[in-house]
Each structure stands twice: as C-alpha cells, then as structure tokens.
S.K.: 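I'd like to ask some things about the structure below.
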Amino acid sequence: MVQMGRKGKNMCGIIGYSGRLEARQVLVNGLEQLEYRGYDSAGIAQMTKQSVEVTKAVGNVGALKRKLEKKEDVISRCGIGHTRWATHGGVTEENAHPHQFGKVTLIHNGIIENYKKIREEYGKEQFFHSQTDTEIAAMLIDFFYDGNPEEAIWKTVAQLEGSYAFCILFEDIPNVVYCIRRISPLVAAYAEEGAFVASDITALIAYTQDYFVVPEDTILVLTDEKAELHDREGEIVEPDLLHVKWDLTAAQKNGYPHYMLKEIHEQPEALHQTIAPRIKAGIPDFEEDQIPDSIFESVQQIKIVACGTAMHAGLIGKVLIEKRVRIPAEVEIASEFRYASPIIDQNTLVIVISQSGETIDTLASLRLAKELGAVTLGIVNVKGSTIARESDYVLYTHAGPEIAVASTKAYTVQIATLCLLTMRLALVKKTLGRGEINRDFALLKESMECVKRSLLLDPQIQEMTACLTEAKDLFFIGRGIDYALSCEGSIKLKEISYIHSEAYAAGELKHGTISLITEGVPVIAIATQESVFSKMISNIREVKARGALVILITKESMQVEESVFDYHFTIPEIADDYTPIPAAVILQLIAYHTSVRRGLNVDQPRNLAKSVTVE
Ligand code: AGP
C-alpha cells in the first residue's frame, strides 16, 4: 500500500513573486486565476523596506481586494499569496494564510501529518494564533533560523511528515521568496517582469508560457534576478523547462458568463487539438508521444484507474477496449484501488486518467501499480503534472486549461484519447485490420463533428431545464455505453445544481429503484444504442407509466412515439460506439442550465475544489 498522507487535505492556490512590478497586483491577479483551486479565504504578504505586511480575508479573492484598497500606500516588489480550501480549522481570518511566526511568514498547500506532535514537542502553544497545521511550519523554520534560511528550511522539512508546498519570507532577507515542496504541486518561471512561483501555470500565463516544475526536495529561490533551484548542499540544480501553447485568454472567460459554458463550447477545438497530431494515414500513431507498440504486445489485461468524471471516461474506454481488443479492461475507483489487493503483473497495462494530474488517490494508485510491476500510462491534461511525470508513458490531452470545477472538455478529450488508444491496441494485438481502424477513426472524427450539432441545442435545453429547477430527485438511465454515459450525466448535474441524482442501468430499475419513480420525477433516458433500443423504450414506458417526466436522448433516426417522452433531444446518426461524445454535450448543457436557473455558483460549487488532493 502506498502511504501518501492521511485524511483531510489542503486544496489551495499559491502564488509568489519577486521582481520589478507592484507585488500586490501580481499576487491578486494570480490568486484570481487560482481561485478555482479553493475559495473560502485568501491572503497575501507584501515585503516592504520596513516590514512584511500581511492582509487576509474570509471569502473569495474579492473580499481580499476590498481590504487591500485600504492599503494602497504599501509599496512592495516581493510577496506571497494564498487561496484556502479549509480542512484543518474552520474558515476564519486567523486560519487564513499567510501565517507568521517570529521572522518567518509562510503559505502552505498540503497536509502536515505530525503537526500536533510538533506543536506539543516545542511547547510554544501560547504563541499559536490558529488551528492550522501550517503554523507549526512557520514556528519550526523560525526556531531553526539563525541567519541561514536554507539550512532552517532543510532542518524543518526533515521533521515534517505529509505533503507540502511552502513559500517563505524572512523579514531580514529583503525581496527573496524561498519555496520547497513534497507531493503538493509548485511550478516556477523567470520572465522579464521577475521571478514567479505558483500552484499551477494558469497563475503565471499572463507573464510567460515557459516554466518548470519545482522538483521535490530542492529549494527554489526567487529574487528579482533569478528563479534558482538549490539542492541539499546548496548546489544549483538546472530545471527542466516546459512550454504551454495556450495563452492568458485560454484561462479567462472571454465573454462567456461562466468558465463551464466556455469550456463546453471549446470542445470541438479541444478534441481537434488532442486527436489531429496523433493520426497518420487514418491510423492512430503515438510516435511523438514516445509510446512504443512494444508496451502493448505483452498486455494481457488492462486496469483503468481514476476518480469522478475521469473514471467515467474510463467506463466508456472499457466498452471500446473489450469490444475491439478482446482483453479484460476493468475500471477501478482510485480511492478503492489503492487500498485493495489488485491482481497486477508485468502483463498488466494500468491507465490512469486525470485532468489535473495531481489527484492524490489517482497518484497513489499509479505508484501502487508501478510497485506491482505494471506498465503505466497516464492520460493527463496538465503538462508536467505529478501523474504525468510519474507515469511510465503519458498521452497528454490538449484541452487547454479547464477552470470550472465541473469537468466537461477534459471528459470528452479523455474519451477521444481512449478511442485512439483502443485502435492502436487493436492494431498491435491484430484484433482489427487497418481498414477497420480507418473506419473507426472516421467514426471518431464524425462524432467530434457532431459536437457542433449538440451545441446548437443549447436554447432548447435551456428552455427545458425549467422543469428540473425544483426537482428533489432525478434519475439517469441507459444501457451499455449509455449507462456509462449516464454516470457522467448524474455527477455533472448533482455537483453543480445540488439536486440529488442517480445513474441506473435501465434494466436494473425493476429490481428496486423503480419504487422511487412517482408523479413528476424527472428521468433522463439515454437511448442511443440501436442494439438495445427496443429494450430501452420498454424501460422508459415503465417509468412513464408511473408518472415520470421523461427527457429522452436518442439518435435522430430513431422512431419514438410521443407518448414515451416529455422532451426529446437527438444527436446525428453515428455508430453506437461513437455516441458518447456528442451525447455528453447535451448532458453538460442540462447540468449547466439547471445550475444557472437555480442561481448557483456554477464554476465554484459548494464543498468542491478543482484539483482534489483529498485522501
Ligand atoms: C468532475 O466534474 C469533478 N470535478 C471531479 O469528479 C473530477 O473529475 C475528479 O476529481 C478527477 O479529477 P482529475 O481528472 O483532475 O484527476
């Protein structure tokens, strides 16, 4: 079992800067870009000639900005900033970061497992102001600090168990930010405006598209002249530079009311960017990804491991792989897989799927799979993320930054990538010929084109959602690949509309759940599979007979009596296996408009955070 840290988590946004610009503006802009990572309190520390000025606020970054309006006179070229998603200690100003102790000011993303033991051991209880684990790190660094900041940091982290990304200021070392990480993410860059560090590249993209991941157990030093890595001996470590193709506009709403709607509409481009570079003569080709066919030759079984929406993409992948490659492809929930006793060996291909590349349960599962000798392949959207770097092989999706907590474009590009992977596996395992693969790829391209037709349904979907706004319970039903898709429809709806919903295999309703179907209960029936269409219509009649309000999704060629549904949306004619991508867009729009109608925070739903490092 791979120990990654215990219950709870800090899912936060971190930004640090030293350079020529006014630090306040850089820090606040960065925090606004990172707000999707956690948003219940925020704070910054500005290093001035006289002192380190800390400003904190409960609420979102807007609340912090209002407080900073009263501190316009603070001139600073160096500072650190933090948005918090609380777990250790409630949402209060005392618990917001930055935390100060003696000469040290610090922000933190992660979990310090042994903070209670340290807090008692050093007997400084009376000096603590918060219930956070973070404050003990500031205390320890201050305790060890005797003028050598890096030595104090090394001595501190040697005592810490758990995960951390720290940014640290020493009040007697002007305009220098020190950073160190273990498990929690940190990226850094040096641009003409100065040196930057952040939880992810979206906070830096306004200044640069070139960055590097801060390696674990090195200290990053930011000054107005450099972003430099030092090892334990103080030697300089050269960073591995990365480059993102997208720019600031990709990480902004660009006129859309919400990131989620923008990202739903970005799907045609995201799919194209992900698929187009990997096709040669109508056959998927992973040469550019440095994935040799040899890793597929000996594969006898596949495990697809992920969380949430990424796991739901895996459910689609399972159907495609087992049908075309004829080897077992099990989908595993990462938080279960990592504590189970999976039957894995060197003939197992473990595919880990993660948009953020930082989900701790998926990362732990990846590490377990490698320990057990599996070949690991990541399908990841964030370049240089931990899961991408630790997978033996990685197929990056190129959806661009996904800011909305509810994953949309990441899901469809994950499905498309799994389609390509299926075709390549089938080619290597000789279960499909080149002609069949050409046909499959043509169908994938067609399904990507169908997305545009689904997007045109937006106004009708928006209008239909009036009937869902007051719903208390809602059911998604489907058969085969439509059942896998209904799992995604259900999570999308409930995570942003807060309406309880369940996905059900349509044939399973009669074994219990149909007792919940009463007058007016909405049932979203996904019936795109010709192979089981008549069975689906029978199941829909059964719920209709009990008063359900039926929202039906089929292919446009499918004949259905009007008595069977209350609302009917169709996707263009496409082979059964390639309906999920266009059908998913309808489900995404249903969830989106229902949430908007209920006046909720679509992009930052309660209790959630985007890149979830929950154990
Ligand atoms: C999806 O809408 C959710 N935000 C959530 O289920 C997400 O898919 C899950 O946390 C996995 O995240 P990852 O893809 O970044 O690993």
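We use all heavy atoms of the structure for the numbers below, so side chains are in, but hydrogens, waters and symmetry mates are not. Residue numbers run from 1 in the order of the sequence given. Counting starts at 1 for both ligands and their atoms, following the listed order.
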S.K.: Considering both backbone and side-chain atoms of K492, is one of its nitrogen or oxygen atoms within less than 3.5 Å of a nitrogen or oxygen in ligand 1?
M.R.: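 The answer is yes, given that K492 and ligand 1 share an N or O pair closer than 3.5 Å.
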S.K.: Using a strict cut-off of 4.0 Å, indicate which atoms of ligand 1 neighbour a heavy atom of T309.
M.R.: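 Counting from 1, the qualifying ligand atoms are 1 (C), 2 (O), 6 (O), 8 (O).
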S.K.: Just which atoms of ligand 1 are under 4.0 Å from any heavy atom in A406?
M.R.: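 Within the 4.0 Å cut-off of A406, ligand 1 contributes 2 (O).
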S.K.: Counting only heavy atoms not in K494 (residues, nucleotides, ligands), do more than 12 fall under 6.0 Å from its NZ?
M.R.: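 Counting other residues, nucleotides and ligands, NZ of K494 exceeds 12 neighbours.
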S.K.: Which of the atoms of ligand 1 are close to G308, meaning less than 4.0 Å from one of its heavy atoms?
M.R.: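 Atoms satisfying the 4.0 Å criterion: 6 (O).
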S.K.: Hey, is CD1 on I333 packed in by over 12 heavy atoms from elsewhere, all under 6.0 Å?
M.R.: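 Counting other residues, nucleotides and ligands, CD1 of I333 stays at 12 neighbours or fewer.
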S.K.: Need the ligand 1 atom indices (1-based, order shown) with element for anything under 4.0 Å from a heavy-atom of A310.
M.R.: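 The atoms of ligand 1 under 4.0 Å from a heavy atom of A310 are 8 (O), 14 (O).
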S.K.: Run the ring-centre check on H265 versus Y256 and record whether the distance is less than 6.0 Å.
M.R.: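 Yes; Y256 has its ring centre under 6.0 Å from that of H265.
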S.K.: Check this for me: E216, atom CD, are more than 12 non-hydrogen atoms of other residues, nucleotides or ligands nearer than 6.0 Å?
M.R.: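 Yes, the 6.0 Å shell around CD holds more than 12 heavy atoms from other groups.
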S.K.: Counting the benzene-type ring for Trp, do Y164 and H108 have ring centres under 6.0 Å apart?
M.R.: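 When the ring centroids of Y164 and H108 are compared, they turn out to be at least 6.0 Å apart.
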S.K.: Is T359 touching ligand 1 with its side chain, its backbone, both, or neither, if touching means heavy atoms under 4.0 Å apart?
M.R.: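 For T359, the contact with ligand 1 is made by the side chain alone.
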S.K.: Would Y504 and F476 count as a close aromatic pair, with their ring centres under 6.0 Å?
M.R.: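 No, they do not, as the ring centres are separated by 6.0 Å or more.
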S.K.: Distance under 4.0 Å to a non-hydrogen atom of I491: what atoms of ligand 1 satisfy this?
M.R.: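 Once the distances to I491 are compared, the set is 6 (O).
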S.K.: Filter on salt bridge (Lys or Arg N to Asp or Glu O under 4.0 Å), then keep only pairs touching residues 464-490, sequence neighbours left out; what's left?
M.R.: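 Residue pairs with at least one partner in residues 464-490: E488-K492.
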S.K.: Does E495 approach ligand 1 within less than 4.0 angstrom via side chain, backbone, both or neither, non-hydrogen atoms only?
M.R.: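 Near ligand 1, E495 shows its side chain, while the N, CA, C and O stay back.
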S.K.: Please could you name the atoms of ligand 1 that V405 approaches to less than 4.0 Å, counting only its heavy atoms?
M.R.: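 Those of ligand 1 that fall under 4.0 Å from V405 are 2 (O), 3 (C), 4 (N).
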S.K.: Check the surroundings of atom CG in L456: do more than 12 heavy atoms from other residues, nucleotides or ligands lie under 6.0 Å from it?
M.R.: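 Correct, the count exceeds 12.
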S.K.: Just jot down the ligand 1 atoms closer than 4.0 angstrom to any heavy atom of S407, in number order.
M.R.: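 Counting from 1, the qualifying ligand atoms are 1 (C), 2 (O).
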S.K.: Can you find a non-hydrogen atom of V382 under 4.0 Å from ligand 1?
M.R.: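 The answer is no: ligand 1 sits nowhere under 4.0 Å from a heavy atom of V382.
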S.K.: Using a 4.0 Å cut-off to any heavy atom of S354, which atoms of ligand 1 qualify?
M.R.: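 Within the 4.0 Å cut-off of S354, ligand 1 contributes 13 (P), 14 (O), 15 (O), 16 (O).
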